[in-house]
**Student:** 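Pasting a structure here, questions to come.
Heavy atoms only: backbone and side chains are in, while hydrogens, waters and symmetry mates are out.
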Amino acid sequence: MTKRKMFFRMITASLVRRRSRMLVALLAIAVGATILSGLVTIYYDVPRQMGAEFRNYGANMILLPEGSGAFDNAEVDAALSKIPAASVVGVAPYRYESVTINEQPIVAAGTHMDGARAASPYWYIDGEWPAASGELLLGKEIAEKLSTKLGAELNVRYALTEEDEDHSDLFVKENSRKMIVAGILETGGSEEEYIYMAMEDLEALTESAGELDVAELSVSGSQAELQGYADSINASLDGVTARLVKRVTQSESTVLTKLQALVLLVTVIVLALTMICVATTMTAVVTERRREIGLRKALGASDASIIWEFMGEGLLLGLVGGLLGACLGFAFAQAVSVNVFSNSIAFRPLLLPITIIVSILVTGLACILPVRSATDIDPALVLKGE
Amino acid sequence: MSLLELKDVSKIYGDLHALDKINLKVDTGEWVAIMGPSGSGKSTMMNIIGCMDKPTSGEVLLDGVDISRESAKSLTRIRRDKIGLIFQQFHLVNYLTAVENVMMAQYYHSVPDEKEALRALARVGLADRAKHLPSQLSGGEQQRVCIARALINYPELLLADEPTGNLDEANENVVLDIFSQLHKEGTTLVVVTHDPEVAEVAQRTVTLGHGKIISDKLNEGFKE
Ligand SMILES: Nc1ncnc2c1ncn2[C@@H]1O[C@H](COP(=O)(O)OP(=O)(O)OP(=O)(O)O)[C@@H](O)[C@H]1O
Ligand SMILES: [Mg+2]
């Protein structure tokens, strides 16, 4: 057996056979590493998620009907003609109607899915965007209220009042249509309170075409250019008002910077706490094992080999704790990301070695003082009776 | 030439002379028992001979080298290479098995060799206890593991401080039989003891009192 094999046999025996003692230190390292890898993941992914796309291409202008005139595709097209076609990133017309599903009143929005997708790139869809007629996108709250899952079939009912043939009486007619849940929408905002379907489906259900409630536009351009487009629409078109949605770029990026600083601070504090915990445990371990250290010295162990054996134990703990923490940290970041930002994150392979290396460094640093004190132990005193 | 020679060795703690101008020679292959009342300086002397402590004054020659002048680092090396230690309290590493405890001494000395460690355990009658942890061994068995460990590197000098102090009569006899065997093979043994029966089986008995040697005589009853 080589010396190295014996070295590992000794340190693993120490960790495995004295596990209750080392578990505390391992736990501290694992928690530290979890928070480290979790927060670092969030640190890098949050800005990406809230992202450039969202800030630059999200809906930033809305068109609303003005006066009593009809507001339909023609008005929207007229308004769009005031904006250079190349600047229009996406147009999402919306029409809202009350429908019922499973006897529950729900607001259904008809839209053009491609336009909605372009105007609201930050929407997080669990499943797929509806692609065909008869498919639905459910806001998350609605999905929870109806306790429906992806792929479920829902019966969407719409009640319309009609006059009978001789115009003497009103009666209620009910249209219904079976539709499939293609996706569930998570935005963290009020969008989750609606269901979305293709405009054509809503028109078929309500037996009426053309009416719109609002249109959301994503237009690229400076604040001044946007204001110019809005002004010219408002000046030249009667039935439409154009309003700018204030972009939050500025405040958003300050918030991000502050958030990142906070994350960094928390990480540093957690690592410091981990270090204190590991140092305390190692000090206790060294005290507890004074006799053993004295014995090893009596058997001819040099200071260097004592240092390496204890460091070896510490570093092995750092390795295992770091590995554990890297995995838990990813799960933690994923959970935060999905729940808070409605977005899943990709695993960063680089984070695994980084977390492990940082854990090992932190543990190593924490072990230095306690382990140094181990070399001061005098074999004669320790072995003397008691 | 003597293996070990103490010349005017004193160890002074404050105004207490734990050892007071001790002169002693031990030849290669000798079996010496050190006796004396509690506090007479037996352990102090063992620690100095075992390179774990330095005398306040005097010379300690081990194999012709004056260990009272060596640095802590070379004392560690000399202890590792030349001395086997056995203690009253056994002192095994509690999370290592019997064979691993023996291999630890090999590890610090040169290279661990599990087969050889197992042979050493077999020699002290513990072949079937090799994979047990110290907590799973009786006191006598633990002390035998310590003996196997002390012997594994073929030390020139085996030092034992009260090796049978914590053992019952049966186990004491097992240990003494092993010592006797070692003596026949030519190992030099210095054994500290309170117990006249343990001292009797040695070749020679040195008695300490108040840090001084008060008697040094060959045992008549000694059987080669
Ligand atoms: N580190 C120390 N500091 C101060 N005094 C010490 C120290 N070590 C030993 N002494 C004293 O030196 C004297 C001799 O101690 P030593 O341990 O050698 O006795 P001993 O003969 O081994 O006794 P016992 O049979 O009880 O083991 C004692 O009076 C003890 O109190
Ligand atoms: Mg003593």
**Student:** Would you say that more than 12 heavy atoms from the other residues, nucleotides or ligands in this model lie under 6.0 Å from the CZ of A:R4, or not?
**Tutor:** no
**Student:** Counting only non-hydrogen atoms closer than 4.5 Å, does A:R296 touch chain B with its backbone (N, CA, C, O), its side chain (CB onward), both, or neither?
**Tutor:** both
**Student:** Minimum heavy-atom separation for B:R80 to A:G300, with atom names?
**Tutor:** CD-O, 3.4 Å
**Student:** What distance separates A:K3 NZ from B:M103 CE, expressed to the nearest 0.5 Å?
**Tutor:** 12.0 Å
**Student:** If you apply the rule side chain to side chain contact (heavy atoms under 4.5 Å, CB included), what do you find for B:Q89 with A:L295, and how did you get there?
**Tutor:** CA-CA 11 Å; B:Q89 263 74 30; A:L295 171 71; over 6 Å; no
**Student:** Can you tell me which portion of B:L133 sits under 4.5 Å from chain A's heavy atoms? Options are side chain, backbone, both or neither.
**Tutor:** side chain
**Student:** In terms of heavy-atom contacts, does NE2 of B:H109 have more than 12 from other residues, nucleotides or ligands at under 6.0 Å?
**Tutor:** yes
**Student:** What part of B:T44 gets closer than 4.5 Å to chain A, counting heavy atoms only: side chain, backbone, both or neither?
**Tutor:** neither
**Student:** So B:Y107 and A:R9, do their side chains get closer than 4.5 Å, heavy atoms only?
**Tutor:** no
**Student:** If we define contacts as heavy-atom pairs under 4.5 Å, which of B:D161, B:V93, B:D113, B:V111 has the most with chain A?
**Tutor:** B:V93
**Student:** Say you draw a straight line from OH of B:Y95 to CE of A:M10; how long is it, rounded to the nearest 0.5 Å?
**Tutor:** 7.5 Å
**Student:** Once you round to the nearest 0.5 Å, how far does CG of A:D303 lie from OG1 of B:T76?
**Tutor:** 7.0 Å
**Student:** Measuring from atom CE of A:M6 to atom CG of B:L96, what distance do you get when rounded to the nearest 0.5 angstrom?
**Tutor:** 6.0 Å
**Student:** Tell me, out of A:S302, A:A298, A:A13, who's got the most heavy-atom pairs with chain B below 4.5 Å.
**Tutor:** A:A298
**Student:** Going from CE on B:M104 to CG on A:L299, what distance comes out if it is rounded to the nearest 0.5 angstrom?
**Tutor:** 4.5 Å
**Student:** Could you grab the distance from atom CG of B:N94 to atom CZ of A:R17, nearest 0.5 Å is fine?
**Tutor:** 10.5 Å
**Student:** Let me know if B:R77 has heavy atoms under 4.5 Å from chain A in its side chain, its backbone, both or neither.
**Tutor:** neither
**Student:** Can you tell me which portion of A:S14 sits under 4.5 Å from chain B's heavy atoms? Options are side chain, backbone, both or neither.
**Tutor:** both
**Student:** Hey, does the side chain of B:R79 reach the backbone of A:K297 with a donor-acceptor pair shorter than 3.5 angstrom?
**Tutor:** yes
**Student:** Is any NZ, NE, NH1 or NH2 atom of the basic residue among B:E114 and A:K5 found under 4.0 Å from an Asp or Glu carboxylate oxygen of the other?
**Tutor:** no
